[in-house]
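These numbers come from the heavy atoms of this one structure, side chains and all, not from hydrogens, waters or symmetry mates. Just so it is clear, the model here is predicted, and its values are computed rather than measured.
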Amino acid sequence: MKRLYLIAACILLLKMANSQTILPLQSAEYCPNVEYTFTATITKPYKNMIGEGSCFVTQLPQSPVGTTFTFKGKFGDANQKQTFLVYHPDNTSTPFEFTKIKSLFHGTCSPIPVPATVTALPCQTVSIPISFSAVQWFTIFEPSSTACFGTITTYEYLLPSGWVLNGTTSTGSNWITGTNNITVTSDLSTSGQIQVRAVNPCGASLVKGQISTIAINRPKPPLTFTGGYAVCTSQNFQANNVPSWVSNYTWLVTPSTIFGNTNPTSNPTTVTKLANGDGDIQLTISSASCPATFVYNTQEITGKPKLVSGAPEVSGNTPPMMIYYAPGDENEVCQYQGTTFDLNYTINTTVNWSAVSHQGGPWPSWTELSEGDIYVEFFNPTQNTLVLQMDASNTCGTTSYQFGFKAIDCALRMASTVNYFKVSPNPAYNI
């Protein structure tokens, strides 16, 4: 009998628990700041009720309150569990919990999966489709298996100024309503980014979603250029693959003391050599109907073969600079220790080394390495100096440079109380 009593008691308690109901259902989705009328059924006498977790009661049930009664309430703009709590005279309570509140206060179930970038060709009005999977609503602090619910279908877009969505032109600061499948239209030149956020269809004053960003790529037209590197007398330079919208060409050739340009606003343009030297040619393209401007550092040009400006690089047991030949101011090389001198020179230049003279004993050892580098070694105590000549040639002719080398006893200098070395030209700042 006792066992039967316990089973009956459990069944009664289950029936009582199941009889605690509320309509609309707790599993339904609700908008914030909207007043809903609820009908609740409880199993104990009613004493009072409140709202917890941002919800609040807007109209209490009318007295006398029976086991079934109606009340009105609103949910707050927070996507968290919100509860209408009914108190009983015996100091117990009955909670009616709601977890599907359509709010963006704590974000969405996942970030908006917008594309990382879109491409709009410059100086063209381009229609760009943007599509992504709609995100879900989200309830914070709930298990991951139940935290996400529903689908968000309304979004807002902040476009660069002059871009258009759904017939509305962006000012750069006005958010334009759309869906997760839209087409935007670019202007001719404005770049930047597109910002996207979910919006709550329940009310304009509700919290907006977090912003996702789409970068805008307005690529530089991929021009190619023809024209020789060496300008011996005159040379034509031409830009190829030029878009049809380009109407303005501006060629800049520097320095003006080395090169002239008789038709700097035409394509092709003609560059003339005024004196020996090196320079650069640059092109700027634009359009009368498009504010975009694109600059191309086309290439270096030269009127003669020449070492790159600045001192050549040197490695080995010598000062860190290589100097040209001047009697009494040669590059110092330790006896019995070979040194490699690495010179930089202009492209399209061939280099040839030759011996000019030496003093003392047999000829020192010297070898031309790859790309015109030179290896020098003094291996006889009677050797003193060596002069080598480098001939740098291109289609404009040949320019010669001489370099002097002097053997020194590095071991003696190391043993000296006074450390000595020479650097020329001085690589530091006024030191």
Side-chain angles (χ1 to χ4, degrees), residues 10 13-44 46 48-61 68-88 91-114 132-156 179-181 195-213:
C10 289
L13 288 173
L14 287 172
K15 288 183 177 180
M16 292 177 63
N18 290 335
S19 63
Q20 296 175 359
T21 61
I22 191 168
L23 293 174
L25 296 175
Q26 292 166 260
S27 59
E29 299 176 8
Y30 294 89
C31 283
N33 292 353
V34 174
E35 187 175 61
Y36 293 94
T37 300
F38 295 96
T39 299
T41 299
I42 56 178
T43 59
K44 293 183 179 183
Y46 171 90
N48 198 359
M49 69 178 301
I50 62 170
E52 291 184 338
S54 298
C55 70
F56 55 97
V57 178
T58 58
Q59 181 178 308
L60 290 168
T68 298
F69 57 90
T70 61
F71 69 94
K72 294 182 180 181
K74 290 184 178 182
F75 296 101
D77 190 9
N79 41 333
Q80 62 191 26
K81 180 171 65 178
Q82 302 185 34
T83 305
F84 291 112
L85 192 60
V86 179
Y87 288 102
H88 307 294
N91 293 328
T92 61
S93 60
T94 299
F96 293 102
E97 297 176 344
F98 297 82
T99 58
K100 295 183 178 180
I101 313 303
K102 294 195 287 186
S103 170
L104 296 169
F105 185 83
H106 293 292
T108 55
C109 187
S110 62
I112 302 175
V114 296
F132 53 86
S133 300
V135 294
Q136 291 183 286
W137 302 99
F138 166 71
T139 305
I140 197 169
F141 308 129
E142 292 301 299
S144 58
S145 59
T146 59
C148 302
F149 66 94
T151 301
I152 303 174
T153 59
T154 307
Y155 299 85
E156 284 183 341
T179 65
N180 61 312
N181 189 359
Q195 297 186 52
V196 187
R197 67 186 179 189
V199 295
N200 198 326
C202 294
S205 63
L206 299 176
V207 173
K208 310 288 186 181
Q210 296 175 341
I211 294 174
S212 295
T213 300

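The closest donor-acceptor contact from the side chain of Tyr36 to the backbone of Cys31 lies under 3.5 Å. Side chain of Gln136 to backbone of Cys148: no donor-acceptor contact under 3.5 angstrom is found. At distances below 3.5 Å, at least one donor-acceptor pair connects side-chain atoms of Asn180 with backbone N or O atoms of Phe132. One N or O on the side chain of Thr139 and one on the backbone of Thr99 form a donor-acceptor pair closer than 3.5 Å.
Side-chain contact check for Met49 versus Phe69: some heavy-atom pair is nearer than 4.5 Å. Side-chain contact between Phe98 and Cys55 is absent, with no heavy atoms from C-beta onward closer than 4.5 Å. Side-chain contact between Val86 and Gln20 is absent, with no heavy atoms from C-beta onward closer than 4.5 Å.
Heavy atoms from other residues, nucleotides or ligands lying under 6.0 Å from CZ of Phe105 number 12 at most. When the shell of 6.0 Å around CD of Gln210 is examined, it contains 12 or fewer heavy atoms from other residues, nucleotides or ligands.
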Please evaluate residues Phe149 and Lys102 with respect to the criterion side-chain contact (heavy atoms from CB on, under 4.5 Å), reporting the C-alpha separation (whole Å), side-chain torsions for both, the decisive distance (0.1 Å), and the verdict. CA-CA 9 Å; Phe149 66 94; Lys102 294 195 287 186; 4.1 Å; yes
Taking it one step at a time, do Lys100 and Tyr30 satisfy side-chain contact (heavy atoms from CB on, under 4.5 Å)? CA-CA 6 Å; Lys100 295 183 178 180; Tyr30 294 89; 5.6 Å; no
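The one candidate from Leu104, Ile101, Asn79 that meets the side-chain contact (heavy atoms from CB on, under 4.5 Å) condition with Trp137 is Leu104.
Using a cutoff of 4.0 Å between basic side-chain nitrogens and carboxylate oxygens, Arg197 and Glu156 are scored as salt-bridged.
Between atom CD of residue Glu142 and atom NZ of residue Lys81 there is a gap of 5.5 Å, rounded to the nearest 0.5 Å. Once rounded to the nearest 0.5 Å, the distance linking OG1 of Thr153 with CG of Asn181 reads 12.0 Å. Asn33 contributes atom CG, which lies 10.0 Å from atom OG of Ser54 (distance to the nearest 0.5 angstrom). Distance CG/Asn200 to CD1/Ile152: 8.0 Å, rounded to 0.5 Å. Taking OG of Ser103 as the start and CZ of Phe138 as the end, the distance is 11.0 Å to the nearest 0.5 Å. How far OG1 of Thr94 is from CG of Leu85: 8.0 Å, rounded to the nearest 0.5 Å.
In this structure, a donor-acceptor pair under 3.5 Å is absent between the side chains of Thr39 and Thr70. One side chain, Thr58 or Glu35, offers a donor N or O that lies under 3.5 Å from an acceptor on the other.
Partners of Phe71 by ring pair (Phe, Tyr, Trp, His ring centres under 6.0 Å), not counting sequence neighbours, listed by chain and number: Phe38, Phe84.
Of all heavy-atom pairs spanning Tyr155 and Thr179, the tightest one is CD1-C, 3.7 Å.
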